[in-house]
Amino acid sequence: MPYKKIQADYTITCADSEPLARAIVVVDDGGYIKEVAPADTYSDVTNYKGVLCPGFINAHCHLELSALHRKIPKHIGLRKFVDYMRLRPKQNTDEITQAMLAAEVQMYANGIVAVGDIANTTDSFALKDDSDMYYHTFVEIMGFDPKIAADRFRKGVMIFEEISQIGRSHGSLTPHAPYTASLELLLLIKTYNEFNDTPITSIHHQESQAENELFMNGTGEWANLYAELGIDINTFFRPLSATSLAFVWAYLARDTKVLLVHNTFCNQEDAEWLMTESPETHWCFCPNANLYIENRLPNFNYFLPYSDNICLGTDSLASNEQLCILEEMKTIQRHYPKISLPTLVQWGCKNGAKFFDWILLGTIEEDKQPGICLIENLDITQLKLLPDSRSRLLVGTSNSNAILEP
Ligand SMILES: [Zn+2]
């Protein structure tokens with residue numbers, strides 16, 4: 001089959017420093033990039049209006065929560081959101097499976113080719129085994145009391161052992177958040193990941209002010225929650241007079257590659273300090289979920305100097321209207337109009353591929369198989385996203401079925 005040649009107003013390759021005007025991207029029928037040629041090199045070209053970019057990497061999702069779409073009210077704050085999650089009625093397996101399948105179809109249609117996905121159960125594993133998408137599954141473990149660390153860890157390992165580490169499915173263990181992890185649990189997770197040669201992990205980080213209050217003073221909504229559950233945290237927990245980052249860094253980020261997810265209440269001092277101490281750590285932002293739950297965004301100005309370490313995620317359909325990286329970019333650009341589209345595309349494509357070591361993904365350059373996404377309906381002269389901008393995949397990453405349009 002002859003190579004397919006596609007062209008749009010601009011191509012953001014994430015390999016070149018500037019967007020390329022009317023570049024011709026040549027792909028084979030397996031979706032491998034053969035050439036990125038200057039405009040007018042070829043005549044048998046399919047033209048599109050808009051911007052071409054690599055397939056998106058959704059660095060943080062919870063596929064198994066897809067059946068909770070629109071089940072939890074907005075803006076209730078993380079404490080009430082967690083209560084809802086804890087106390088929710090059990091959903092049946094069919095409902096969960098159908099919702100996950102629909103969510104995956106939605107992600108792929110929106111241009112996402114790879115996902116860093118949190119799992120607390122094995123619910124999503126069969127789907128992942130059978131998928132063209134890349135998945136890194138973080139099996140999530142929680143337990144604030146050190147006495148339960150070994151038991152919770154053992155249960156997490158049992159779930160982890162169900163992931164078939166073949167093809168595009170990989171995984172590691174992950175703690176949920178600083179306010180649900182003991183030092184003992186962090187060390188068990190870290191050691192296990194290193195032993196299994198997957199020394200990458202993630203953690204929800206500074207998603208609420210209460211998390212910092214707990215680590216600063218031992219007070220606040222999370223301390224209250226444990227008291228309500230009849231757990232006396234004073235028997236095993238001492239506040240650090242510091243934000244939760246001190247705890248995460250000391251036991252996790254020091255020599256493991258960690259994705260810190262949310263960072264809504266992370267201050268500039270923390271950001272600067274961590275990037276000096278642990279430059280391999282990556283920040284993952286899920287702005288639409290932050291607006292959904294806390295109605296607040298991280299201060300992106302603090303993180304802009306570390307643009308190479310920023311990834312984007314959707315979080316789950318429990319706290320998002322859709323699973324779409326372009327929608328996350330639109331939200332960021334609406335609040336931070338100075339952040340350019342090429343920068344946002346770097347966050348949504350290249351950086352996630354770098355974090356997860358997906359070497360074929362993330363950039364449009366020769367011999368890669370990144371998927372090619374088209375962003376349409378944007379302000380092409382200013383290269384700005386508009387409220388109606390949308391994305392779709394033109395070329396997929398499957399060897400057998402990469403060309404999605406004739
Ligand atoms: Zn999450």
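Bear in mind that the values here come from a model prediction, so they are computed numbers and not experimental data. Whatever order the structure lists them in is the order used to number ligands and atoms, beginning at 1.
Under the 6.0 Å distance and 45° angle rule, K257 counts as a cation-pi partner of F355.
The ring pair (Phe, Tyr, Trp, His ring centres under 6.0 Å) pairs that include a residue from residues 319-342 are F300-Y336, where partners are two or more places apart or lie in different chains. Identified under the salt bridge (charged side-chain N to carboxylate O under 4.0 Å, His left out) test for residues 101-127, with sequence neighbours left out: D117-K128. The salt bridge (charged side-chain N to carboxylate O under 4.0 Å, His left out) contacts involving residues 372-382 comprise E376-R390, E376-R392, where partners must be two or more places apart or lie in separate chains.
Taking 2.8 Å as the limit, the number of protein N, O or S atoms around the Zn ion (ligand 1) is 4.
A salt bridge links E321 with R70: the closest approach of a Lys/Arg side-chain nitrogen to an acidic carboxylate oxygen falls below 4.0 angstrom.
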(message) Y179 vs Y226, test: ring-ring contact (aromatic ring centres under 6.0 Å, His included). Steps then yes/no.
(response) CA-CA 10 Å; Y179 61 90; Y226 285 115; 7.8 Å; no

